[in-house]
Amino acid sequence: MDIKIVKDQQAGGQAGYQLFADALDAGANVFGLATGSSPITIYQALTASDLDFSDKISINLDEYVGLSATNPQSYHYFMQEHLFNQKPFKHNYLPDGLATDAEAETSRYDRIIENNPIDLQLLGLGVNGHIGFNEPGTAFSELTHKVALTPSTIAANARFFADPNEVPKYAYSMGIASIMQAKHIVLVAYGENKAQAVAQMIEGPVTEAVPASALQNHANVTVILDEAAASQLQK
């Protein structure tokens, strides 16, 4: 892994931007994207730039089950607000949160990934080592799948919803095997609360108990960390 330790999230955004720019220069066509707070400064740097994605494809990691693309809490909506409205792509693929046949939807998404091999995949990192919605215990062989969200994830998301009954209980997510197919993986993590997961991911054993540890088996991974997130690394 190539570990880049930066001053803060703004510097991390610039480091991530440069990786996107380098990928474009190298002929990348397909970009795997993530939601959450960690990628936001990268998206800010991309939208402020003159980089052109109008003939490129994006494929997102995940989406909540039961939310429409226009729901402000959906990942469709997040991506429109933070990137796509300002920096259009030729085509944006995200799981369909309203799909009623989970098997058909996950198979559809696997075909999209197979037909559009991802050149650069952006990831965040959960405090428990999850990537996408692949929680501890998820098989490394898993492709796109429907995930039952953990009680802690559901509780954490409740603050975004006026009615607790509206909080999604499930999500569609790329699996570990889906993510590992990308040619270059870029993972971003900030803050002391991510430090243990970062250390386990980089220096711990490769185990399904820490989903992100699978990245040790990938040939091309760049990790962008602030000093707090890197604070438990031994090397």
Side-chain angles (χ1 to χ4, degrees), residues 1-24 28 30-49 51 53 58-63 75 78-79 81-84 86-87 89 94 118-135 153 156 171 173-174 176 178-204 210-233 235:
M1 294 183 183
D2 178 18
I3 313 299
K4 296 182 182 296
I5 300 176
V6 297
K7 178 183 177 183
D8 53 25
Q9 292 195 34
Q10 294 303 316
Q14 289 300 315
Y17 157 82
Q18 190 59 55
L19 293 172
F20 273 76
D22 291 346
L24 282 175
V30 183
F31 293 84
L33 302 179
T35 56
S37 59
S38 297
I40 285 179
T41 56
I42 295 177
Y43 296 153
Q44 289 172 341
L46 291 176
T47 58
S49 76
L51 297 183
F53 293 90
S58 76
I59 304 179
N60 258 74
L61 276 170
D62 41 28
E63 178 60 283
Y75 288 168
F78 177 100
M79 294 305 304
E81 288 292 297
H82 290 284
L83 184 62
F84 298 153
Q86 303 93 329
K87 192 65 69 172
F89 286 66
L94 294 93
I118 294 171
D119 294 297
L120 185 152
Q121 174 66 60
L122 182 61
L123 300 174
L125 178 69
V127 294
N128 62 359
H130 76 242
I131 46 178
F133 273 119
N134 297 288
E135 298 289 351
T153 296
S173 180
M174 283 189 202
I176 302 290
S178 312
I179 292 168
M180 294 290 284
Q181 292 173 26
K183 297 169 189 171
H184 182 192
I185 295 174
V186 177
L187 184 142
V188 186
Y190 304 115
E192 190 175 356
N193 66 327
K194 300 292 180 71
Q196 182 176 5
V198 166
Q200 291 174 330
M201 171 184 70
I202 295 172
E203 298 176 344
V210 181
S213 68
L215 300 181
Q216 292 182 37
N217 292 330
H218 193 282
N220 188 11
V221 178
T222 304
V223 181
I224 300 172
L225 309 169
D226 65 2
E227 292 180 359
S231 62
Q232 292 189 29
L233 292 174
K235 299 174 183 177

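By the 30° and 60° cut-offs, the orientation of the rings of Phe31 relative to Phe89 is perpendicular.
The shortest side-chain heavy-atom distance between Lys183 and Asn220 does not fall under the 4.5 Å cut-off. Residues His82 and Leu33 are not in side-chain contact: their nearest non-hydrogen atoms beyond the backbone lie 4.5 Å or more apart. Residues Leu61 and Thr35 fail the side-chain proximity criterion, which asks for heavy atoms closer than 4.5 Å. Tyr17 has its side chain out of reach of Gln44: every pair of non-hydrogen atoms, C-beta onward, lies at least 4.5 Å apart. The shortest distance between side-chain heavy atoms of Leu215 and Met180 falls below 4.5 Å. Looking at heavy atoms from C-beta onward, Met1 lies out of side-chain contact with Leu187 at the 4.5 angstrom threshold.
Judged by distance alone, the side chain of Asp226 and the main-chain N or O of Gln9 form no donor-acceptor pair under 3.5 Å. Not a single donor-acceptor pair under 3.5 Å links the side chain of Ser173 to the backbone N or O of Gly132. No side-chain donor-acceptor contact under 3.5 Å links Lys194 to the backbone of Leu225. Although no hydrogens or angles enter the test, the distance criterion places no donor-acceptor pair under 3.5 Å between the side chain of Lys4 and the main chain of Ala15. Of the possible polar contacts, one joining the Glu63 side chain to the Tyr75 backbone as a donor-acceptor pair under 3.5 Å is found.
Atom CD of Glu203 has more than 12 neighbouring heavy atoms from other residues, nucleotides or ligands inside a 6.0 Å radius.
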